[in-house]
Amino acid sequence: MTLHRAWRFELLLLLLGAVLLFALGWSVGKPALVLLFGALGYILWYQRNLFLLHQFLSKKNRAILQTRGIWGQLITEIRRLERNNRRRKRKLTRTLKGFQESMSALPDATVVLDKHWRAEWWNGAATKLLGLRRESQRYRPIRYAMQNPGFSSYLGKADFRSPLEINSPADPQLKLSIRIVPYRKGKYLLQARDVTRVQHLEEVRKDFVANASHELRTPLTVLLGYLEGMTESEELRAGIWGSAIDQMQHQTKRMHSIVEDMLTLSVLETGGKGQAVQWVEMAPLLEAVFQEAQVLSAERGHRVTLEVEPRSFLKGNLLELRSLFSNLVSNAVRYTPDGGEIRIRWWIDDQGAHFAVQDTGVGIEAEHIPRLTERFYRADKGRSRDYGGTGLGLAIVKHALGNMAGELEIDSEPGIGSVFTCHFYSGYMVDAAA
Ligand code: ADP
């Protein structure tokens, strides 16, 4: 029976009952009273059915007596909804289980964290890489399991733009790269990847570059020595060999500069380990860099100016700082046409200290700017080689700044000039004049 028919039938019954009762009441002379009793009986019957329905819904009594009429329809409808719900629940559970299984099969450790950084769920790899295994670790702050101060401050800063590299708490031989991604309000996914092999390869690469540069340095110095002697010999310079010797000397000098820059980069890449860090007074250092710029410019006639905030100090390694500043200044001299202007500035403000080299040089097309600090990347290959560039200067600047938590900003307009600015934050500087 459809719902409509059931309701029609119910109304018909009610109407028929009322007519019968009225007729019965009429025959005994009390139609109103009989009708009232009839209505009362009807209400009581409804109350009973409601009670049975309540019992049915509260699961106390599933065997409901009335199965016909509108009440029967209601029960059938409820049973159908319940069946559908059960089916949907089973499907959802299956999907959730499948999802959890796929997360468990991931080779990277995955941990679901709440807003208080408590571990709510983790996969098998998290047990292996992070040592999360006991049930008692669930709903406890993850930092207890990690036992790493670096990790705790990473969580504290809540800046997850770049990953954190730490040793695994389960096995200190393993190096992990940790990433945290928010995926819902107050929910985070922590992912830890085993990067031991990648880091090892990176070490091998760095060692190779450092060793190769070191090995090349001595033969090149010997070659340079001989070539210098040859350029001074009138006898050798006579005839066709004169320009060949000049060429050889020029190219050997270039190779020597590249090897020196590669060695500087290797030291910087290892975080400048073993390098003496001290408070360096900026005025004398920048004065020396300024003098160097004038010597480099020589007869090219650049107008070089220097503005330095007096009595300020920067924490770092003297040689690294010197190499950082002179790379930027020598680039400005090399890439600025004769007679151009070069402005060297060092100033301090609320954000920290800043070093800027501004030139009226050739400038750089916008598309090259993000890649300038890559090794051997040159915006203009021909020009860089003509000016004796190694292609490593800005890579050195970037690494030296990275070791001091500094940042490089490049503004440039082709044909107008460039500004290279280094920003140093408060922890690395002292403003004694203040
Ligand atoms: P290079 O030894 O070639 O100068 P760098 O790493 O120092 O290598 O610089 C990378 C490239 O950036 C250069 O080849 C040059 O194209 C560009 N560049 C650097 N400084 C300047 C500048 N002041 N003006 C214009 N271009 C510059």
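Whatever order the structure lists ligands and atoms in, that order sets their numbers, starting from 1.
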Closest by any non-hydrogen atom to atom 13 (C) of ligand 1: pick that one out of Tyr377, Tyr335, Phe420, Phe376.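 That would be Tyr335.
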Would you tell me which option among Asp380, Asp261, Leu372, Asn331 has the nearest heavy-atom contact to atom 20 (N) of ligand 1? Asn331
Let me confirm one number: the [atom1]-[atom2] distance from [X] to [Y], rounded to the nearest 0.5 Å.
X: Leu286; Y: Glu281; atom1: CG; atom2: CD; value: 10.5 Å
X: Met262; Y: Leu392; atom1: CE; atom2: CG; value: 7.5 Å
X: Ile245; Y: Arg237; atom1: CD1; atom2: CZ; value: 6.5 Å
X: Leu155; Y: His116; atom1: CG; atom2: NE2; value: 13.5 Å

Any N or O of [X] closer than 3.5 Å to N or O of ligand 1:
X: Val362; value: no
X: Ile364; value: no
X: Ala395; value: no
X: Gly389; value: no

Check Ser418 against ligand 1 and report side chain, backbone, both or neither, counting heavy atoms closer than 4.0 Å.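 The side chain, only.
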So which bit of Asp359 gets within less than 4.0 Å of ligand 1, heavy atoms only: side chain, backbone, both or neither? side chain
Looking at ligand 1, does Arg334 have a heavy atom less than 4.0 Å from it? yes
Is it true that Gly361 lies under 4.0 Å from ligand 1, counting heavy atoms only?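 It does not, in that no heavy atom of Gly361 comes within the 4.0 Å cut-off of ligand 1.
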What atoms of ligand 1 come closer than 4.0 angstrom to any heavy atom of [X]?
X: Arg378; answer: 3 (O), 14 (O)
X: Leu394; answer: 5 (P), 6 (O), 7 (O), 9 (O), 10 (C), 12 (O), 19 (C)
X: Thr390; answer: 2 (O)

Judged by atom type as modelled, is there a donor-acceptor pair below 3.5 Å linking the side chain of [X] to the main-chain atoms of [Y]?
X: Arg378; Y: Gly389; value: yes
X: His302; Y: Pro337; value: yes
X: Thr127; Y: Leu132; value: yes

Using 4.0 Å as the upper bound for N to carboxylate O, is an ion pair formed by Glu307 and Arg343?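 Salt bridge: yes.
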Name the residue from Arg205, Gln199, His200 that meets the side chain to side chain donor-acceptor pair (under 3.5 Å) definition with Glu202.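 Running side chain to side chain donor-acceptor pair (under 3.5 Å) over Arg205, Gln199, His200 with Glu202 returns exactly one hit, Arg205.
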